[in-house]
Amino acid sequence: MAVRRRSSCWGSIACLPPVLEKDQVSFLTFFQNSLNPDGSYKWSWSLDHSGVYTVSSLQKYIDNRTLPRSDAVWNWNPLVPGKVNILAWRTSHKRLPCMENLYKIGISSSDLCQMCHEATESVDHIFVGCPISKEAWAQVCNWWRLLGNYPSNCMELLKCKESLGGHNRLERIHEAIMLGFLWVIWRYRNNKSHRSNQTTGSKFTLPFEVQSLSYLWINARIRKGRKLRWLEWCCDPILECYGRM
Ligand SMILES: [Zn+2]
């Protein structure tokens with residue numbers, strides 16, 4: 001039984017080199033041969049200090065090698081759902097299936113923006129450069145007055161809370177609203193890309209969707225303090241946030 005398990009283990013490890021070739025990872029070089037005090041040889045895995053092969057050590061190595069290096073570190077915002085945090089992480093690493101990326105790998109024959117059809121659909125264009133996003137962002141800023149300056153790229157958008165240093169709760173709410181904007185624009189873009197115009201909804205409702213979704217998300221996750229009130233949230237959200245702290 002023990003032999004069968006070992007053989008199964010080595011069988012699965014033996015399948016790894018061809019799989020890793022596409023990432024240009026030379027798997028076998030991480031196994032090093034050394035001499036034991038008793039004169040026998042032993043193999044050790046160089047990516048882990050214990051010398052034992054682990055999937056996590058290999059995964060860490062591949063991530064460090066393949067993921068883009070940048071200052072794009074995304075800190076999880078607890079006021080919005082996990083799927084929205086994941087969208088933010090993918091946006092910060094430019095890992096979204098936008099038309100520019102799909103065109104580069106030959107999946108799409110066009111790289112035009114699915115919302116405005118006027119420019120190349122990069123990640124920055126979807127959330128920052130597209131006229132539809134700009135219009136929605138301006139409306140959101142009118143409502144949530146702390147989002148004043150228009151960002152020039154996604155990283156500026158994702159770092160919007162830095163302007164509110166020192167107000168932890170307000171920072172998170174501020175960021176949650178920005179994340180609501182990100183989610184609403186991405187959903188609208190996907191609907192435009194995959195559905196007919198009748199089912200995509202109107203671009204004029206995007207600011208309202210940011211307002212209502214962020215309200216629902218935040219209220220569902222507030223554990224300490226009073227919940228936000230809808231009418232006050234719509235009329236003067238900053239005053240409502242300060243009043244509830
Ligand atoms: Zn566009």
Side-chain angles (χ1 to χ4, degrees), residues 67-74 77 80-163 173-217 234 237:
L67 290 178
R69 289 184 183 280
S70 67
D71 57 352
V73 176
W74 179 249
N77 184 310
V80 302
K83 63 184 179 184
V84 182
N85 275 295
I86 291 169
L87 174 65
W89 183 90
R90 296 185 72 182
T91 302
S92 69
H93 287 85
K94 302 279 191 287
R95 290 279 174 141
L96 283 177
C98 61
M99 297 306 284
E100 184 184 45
N101 288 345
L102 295 177
Y103 182 73
K104 277 181 189 168
I105 57 176
I107 290 180
S108 171
S109 58
S110 163
D111 64 357
L112 274 184
C113 173
Q114 298 296 289
M115 295 192 287
C116 68
H117 303 283
E118 290 174 1
T120 296
E121 192 192 73
S122 62
V123 175
D124 280 334
H125 176 81
I126 292 174
F127 300 111
V128 176
C130 188
I132 291 173
S133 303
K134 281 185 175 176
E135 199 177 322
W137 181 257
Q139 294 295 319
V140 172
C141 289
N142 273 343
W143 164 67
W144 181 257
R145 298 187 306 276
L146 296 176
L147 287 170
N149 298 326
Y150 194 83
S152 59
N153 57 54
C154 282
M155 284 315 296
E156 279 187 31
L157 192 69
L158 291 167
K159 290 180 175 177
C160 69
K161 73 173 182 183
E162 289 180 1
S163 61
I173 292 176
H174 184 68
E175 190 177 63
I177 291 166
M178 181 277 298
L179 290 170
F181 171 78
L182 221 63
W183 179 258
V184 163
I185 293 295
W186 182 241
R187 188 172 64 175
Y188 178 76
R189 178 265 175 208
N190 286 338
N191 286 341
K192 289 282 279 184
S193 178
H194 303 302
R195 300 181 191 175
S196 66
N197 281 337
Q198 284 77 28
T199 56
T200 53
S202 165
K203 65 180 180 179
F204 299 110
T205 64
L206 295 175
F208 175 73
E209 290 174 40
V210 175
Q211 205 175 28
S212 55
L213 271 181
S214 55
Y215 169 82
L216 290 172
W217 290 341
C234 293

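Atoms within a ligand are numbered from 1 in the order they appear, just like the ligands themselves.
Interatomic distance, SG of Cys130 versus NE2 of His117, reported as 9.5 Å (0.5 Å rounding). The CE atom of Met178 sits 5.5 Å away from the CG atom of Leu157 when rounded to the nearest 0.5 Å.
Around the Zn ion (ligand 1), protein N, O or S atoms at less than 2.8 Å comprise Cys113 SG, Cys116 SG, His125 NE2, Cys130 SG.
Under 4.0 Å is where a charged nitrogen must lie from a carboxylate oxygen, and between Lys104 and Asp111 no such pair does.
With sequence neighbours excluded, no residue satisfies ring-ring contact (aromatic ring centres under 6.0 Å, His included) with Phe127.
For Asn153 (side chain) and Asp124 (main-chain N/O), no donor-acceptor pair under 3.5 Å exists by modelled atom type.
Ring pair Trp144/His174 is tilted by interplanar angle, where 30° to 60° counts as tilted.
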